[in-house]
Amino acid sequence: MTTFPMPADEAEARALQDVLRERVVLDESGPPPGTGHVTGVDVAYDEERDVVVAAAVVLDAATLDVVDRSTARGKVTFPYVPGLLAFREIPAVLAALEALTADPGLVVCDGYGRAHPRRFGLASHLGVLTGLPVIGVAKNPFTFRYGQPGPHRGDFSPLLDGEEEVGRALRTQEGTRPVFVSVGHRTGLDNACAHTLALARDFRQPETTRRADALCRAALREAVA
DNA sequence: GCGACAG
DNA sequence: ATCTTGTCGC
């Protein structure tokens with residue numbers, strides 16, 4: 001079981017990110033798209049009742065069929081603070097991942113990895129804690145700049161923090177806004193985009209995220225019913 | 001100081 | 001994230 005040190009305050013959380021960042025592995029390209037397993041993780045909240053539910057859904061990367069799934073319920077332990085999302089989401093996500101029977105393969109999460117003020121977003125954090133290859137696919141650009149990618153599926157443009165490419169704005173479907181891909185752990189950016197494109201075969205968001213989102217919402221309704 | 005700000 | 005019906009468009 002992976003333990004998660006919960007910081008007492010925001011300053012402590014930022015300091016922890018600065019320490020853990022040193023453990024991120026960026027020189028591996030990661031598993032090739034279309035092979036093995038890909039796992040989506042997501043979290044839903046009921047702030048009123050102080051309930052958080054995470055879901056993990058394992059897909060066959062070639063067919064996008066569901067191979068395994070799990071949920072984990074817990075209590076909200078950290079507020080949403082931009083830049084500190086991981087401290088709010090990871091405890092429940094770790095529990096859901098540990099409840100899986102199948103090998104997770106590559107993990108895809110909502111949010112960012114390197115595209116983060118301190119280069120240590122949710123995807124990086126989850127990767128360091130689990131040792132798994134992880135990428136982040138976000139729906140919004142956070143604070144970063146980017147040029148509009150071309151109109152076709154697969155077109156992309158760099159997500160920039162100053163001059164540094166911290167991720168990419170990737171168009172997964174024509175006629176929809178791009179998604180924002182960044183590397184978390186043990187995966188290269190080209191490969192992360194290739195995975196995202198393969199997983200977003202039918203919709204703007206990767207199938208992993210859609211499945212995990214639907215599952216944690218359903219489990220939350222169940223939990224508070 | 002003010003605004004912006006993954007989920 | 002979450003609150004929420006109908007509705008414009010393909």
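Letters A, B, ... are given to chains in the order of the sequence lines, protein chains preceding strands, and every chain is numbered from 1. This one's a predicted model, so the numbers in the text were calculated from it and none came from an experiment.
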message: Does B/dG7 have its OP1 or OP2 closer than 4.0 Å to a side-chain nitrogen or oxygen of A/Tyr45?
response: no
query: Would the A/Tyr80 and A/Tyr45 ring centres measure less than 6.0 Å apart?
result: no
field: Rounded interatomic separation in angstrom, taking CZ from A/Phe87 and P from B/dA6
entry: 17 Å
message: Evaluate A/Leu197 against A/Arg153 for side-chain contact (heavy atoms from CB on, under 4.5 Å), listing each step before the verdict.
response: CA-CA 8 Å; A/Leu197 211 52; A/Arg153 174 173 154 76; 3.8 Å; yes
message: Please find the pair of heavy atoms, one from A/Asp68 and one from A/Ala102, that lie closest to each other, and give the distance.
response: OD2-N, 3.0 Å
message: Measure CZ/A/Phe120 against P/B/dA6 and give the value in whole Å, please.
response: 19 Å
query: So what does A/Leu84 hit on the nucleic acid, given a heavy-atom distance under 4.0 Å: a base, only sugar-phosphate, or nothing?
result: base
field: N/O donor-acceptor pair under 3.5 Å between A/Arg177 side chain and A/Lys139 backbone
entry: yes
query: Taking only N and O in the side chain of A/Lys139, is any of them less than 4.0 Å away from OP1 or OP2 of B/dG7?
result: yes
Chain A footprint on DNA chain C, 5' to 3' - any atom under 4.0 Å from a heavy atom: C/dA1 to C/dT2
- prompt: Under 4.0 angstrom, heavy atoms only, what part of the nucleic acid is A/Tyr112 near: base, sugar-phosphate, or nothing?
  reply: base
- request: Check the distance between B/dG7's C1' and A/Glu47's CD and give it to me in whole angstrom.
  value: 11 Å
field: Gap between atoms CZ and P, on A/Phe78 and B/dG7 respectively (whole Å)
entry: 18 Å
task: Identify whether any heavy atom of A/Ala115 sits under 4.0 Å from a base atom; if not, whether one sits that close to sugar-phosphate; answer base, sugar-phosphate or nothing.
output: nothing
Length of the line joining A/Phe142:CZ and B/dA6:P, which is rounded to integer Å: 6 Å
query: A/Ile90 CD1 to B/dA6 C1': how many Å, rounded?
result: 13 Å
task: Starting at atom CZ of A/Arg88, determine the distance to atom P of B/dA6, rounded to an integer number of angstrom.
output: 13 Å
- prompt: Which part of the nucleic acid does A/Gly83 contact within heavy-atom distance under 4.0 Å: base, sugar-phosphate only, or nothing?
  reply: base
task: State whether A/Asn140 places a side-chain N or O below 4.0 Å from either non-bridging phosphate oxygen (OP1 or OP2) of B/dG7.
output: yes
field: For atom CZ of A/Phe180 and atom C1' of B/dC5, their distance in whole Å
entry: 14 Å
message: Does the plane of the ring in A/Phe142 sit parallel, tilted or perpendicular to the ring in A/Tyr112? Use 30° and 60° as the thresholds.
response: parallel
message: Students often mix this up, so state it plainly: with edges at 30° and 60°, are the rings of A/Phe120 and A/His125 parallel, tilted or perpendicular?
response: tilted
- prompt: Short question: side chain of A/Gln173, backbone of A/Arg201 - any donor-acceptor pair under 3.5 Å?
  reply: yes
